[in-house]
Amino acid sequence: MTYQPDIRIHKNGEYYNAAWKDSTGKLRRRGLGSCLKKAKKMRDAMIAEHAVHPGARDMNTSMRLSQWLTRYLQLRKPDVEPSTFRDLKRTCDLLFEYFGSDDAKMGEITGDRISDFRLWLTSREPGFAIGTLSKYAGIMKNIFNRAVSEGVIVKSPAAHIQIQTPTKDEPPKWVTEEQLHVVATTDRRLTPLFGLCYYAGLRVNEALRLRWDDVNFKEGKILVRSRQGRRTTKQGTRVVKLEKDLAGWLRLWRDVKKLDGDLPELICSEVPANYQRAVANVMNKYAEHFRFTLKDLRAMRSMIWMKEGIPANVVCKWMGHDPKVAFKHYNIVDENYYTGGDA
């Protein structure tokens, strides 16, 4: 008879936990959040999972790799951006491509096999850049760490994998307002995206989900919300200064949209789904004269605010990161600081 654990809900302070014993008698736990109704649904889902995959959370009869990868994607999809989910799925596909021939049990995957998988990644054709390899390695570690926290395996076979963070070859580009206006008017669909990244220092995903209701023209503020539906977020909700130049851009864009018909809910409603390609096409037209990325625009805003004398802690609050990140990644040096020497 297949072992089926008795999963019970216990309250620990404000949060609920699921607790059960595997066939070895080892007590396993899993956090279910602070809502009892959702906790019961998650407990029922775990029981249903046992019915489909008997012993899936048993240390002796852990589920197959393909089963866990499918389960992992289901768990992560509600919590991440679509672009991040594509990276997760790509990593899962690579793991299944390497281990899929025997579809090993999760408990049978050793550290040596994970090391072999890492070497296989570096030798694939076409090859991956260092940054891409580091990204996939980090996701792979998260996949097995999550398996440990879910009670699928006892210890992660990827714990020994070291992630190499690639060094940046060059600092962010210096971008002038003239250059910004040139690229922003080349493809009208991208105009608000360029403006929000440059004048408000927003991340691309933050700009794409910004609504007209989030912009307070009267008080000169922009409310940047975390993605709805995410259970965790590093940045959370914050308020950003609305620059006068950006307010002019947005008012003009709003008037144009009103003339076209109903005003869309999202400011960047016309930005194509594959905005990376659209931005690259615009930048390729001016490659002989200048070239920059949307992240460079965000870095420029951080530097401009600092140069205007706004305290660093305020700038970091507006940008949504801590000072260490600010000075590590957004350390642009104005070329004017180098002028003034003897000819």
Side-chain angles (χ1 to χ4, degrees), residues 131 165-186 190-210 214-217 219-226 233-250 253 267-268 271 275-276 279-280 282-283 286-341:
T165 303
T167 57
K168 299 180 69 174
D169 295 330
E170 55 185 35
K173 303 288 193 310
W174 181 270
V175 184
T176 65
E177 286 199 56
E178 291 76 12
Q179 293 171 343
L180 173 70
H181 281 268
V182 168
V183 298
T185 55
T186 300
L190 302 174
T191 298
L193 179 61
F194 279 115
L196 290 170
C197 290
Y198 182 83
Y199 288 111
L202 300 189
R203 298 174 177 88
V204 176
N205 287 327
E206 292 171 344
L208 292 177
R209 61 174 176 259
L210 193 70
D214 297 330
V215 181
N216 191 325
F217 290 98
E219 297 182 5
K221 297 178 181 179
I222 298 175
L223 182 62
V224 183
R225 306 176 188 272
S226 61
T233 177
K234 293 181 179 179
Q235 292 81 34
T237 300
R238 70 182 192 276
V239 177
V240 179
K241 177 184 178 182
L242 174 61
E243 293 286 344
K244 292 183 179 179
D245 290 334
L246 178 58
W249 274 46
L250 293 179
W253 184 257
I267 296 178
C268 296
V271 175
Y275 68 88
Q276 297 96 331
V279 172
V282 171
M283 297 310 304
Y286 307 101
E288 295 183 1
H289 306 286
F290 57 82
R291 193 178 192 89
F292 55 81
T293 66
L294 292 172
K295 192 171 183 179
D296 291 330
L297 300 182
R298 173 173 160 82
M300 274 298 305
R301 180 47 46 186
S302 176
M303 187 272 172
I304 291 173
W305 278 334
M306 290 280 195
K307 192 176 179 181
E308 290 177 352
I310 298 174
N313 63 309
V314 176
V315 174
C316 291
K317 188 71 174 178
W318 289 347
M319 299 293 289
H321 54 220
D322 59 51
K324 289 184 179 180
V325 175
F327 290 105
K328 180 179 180 181
H329 296 290
Y330 302 114
N331 53 346
I332 301 178
V333 179
D334 190 340
E335 291 296 326
N336 292 328
Y337 287 120
Y338 299 107
T339 61

What distance separates L242 CG from L196 CG, expressed to the nearest 0.5 Å?
9.5 Å

What is the distance from atom CG of L210 to atom CG of L223, rounded to the nearest 0.5 Å?
8.5 Å

Any luck finding a side-chain donor-acceptor pair between W305 and E243 under 3.5 Å?
yes

Gap between atom CG of L246 and atom NZ of K241 - 0.5 Å precision:
11.5 Å

Which heavy atom in V182 sits nearest to a heavy atom in T186, and how many Å separate them?
O-OG1, 2.7 Å

Is there a donor-acceptor pair under 3.5 Å between the side chain of R225 and the backbone N or O of R209?
no

Contacts under 3.5 angstrom, residues 308-319 side chains, donor-acceptor by atom type, not counting sequence neighbours:
none

Locate the shortest heavy-atom distance separating A207 from C268; write the atom from each residue and the value.
O-SG, 3.5 Å

What's the separation between atom CZ in F292 and atom OH in Y286, rounded to the nearest 0.5 Å?
10.0 Å

If you look at every heavy atom in F194 and A184, which pair is closest and at what distance?
CD1-CA, 3.9 Å

How close do A247 and F217 get, heavy atom to heavy atom, and via which atoms?
O-CE2, 3.8 Å

In chain order, what residues pass the ring pair (Phe, Tyr, Trp, His ring centres under 6.0 Å) check against Y198, with sequence neighbours excluded?
none

So how far is it from I222 CD1 to E206 CD, rounded to the nearest 0.5 Å?
10.5 Å

For T185, enumerate each residue passing the side chain to side chain contact (heavy atoms under 4.5 Å, CB included) test, keeping only those at least two apart in sequence or located in another chain.
R188

What's the shortest heavy-atom distance between Q179 and F290, and which atoms?
NE2-CB, 3.6 Å

Hey, could you give me the CG/CH2 distance between L180 and W249, rounded to the nearest 0.5 Å?
4.0 Å

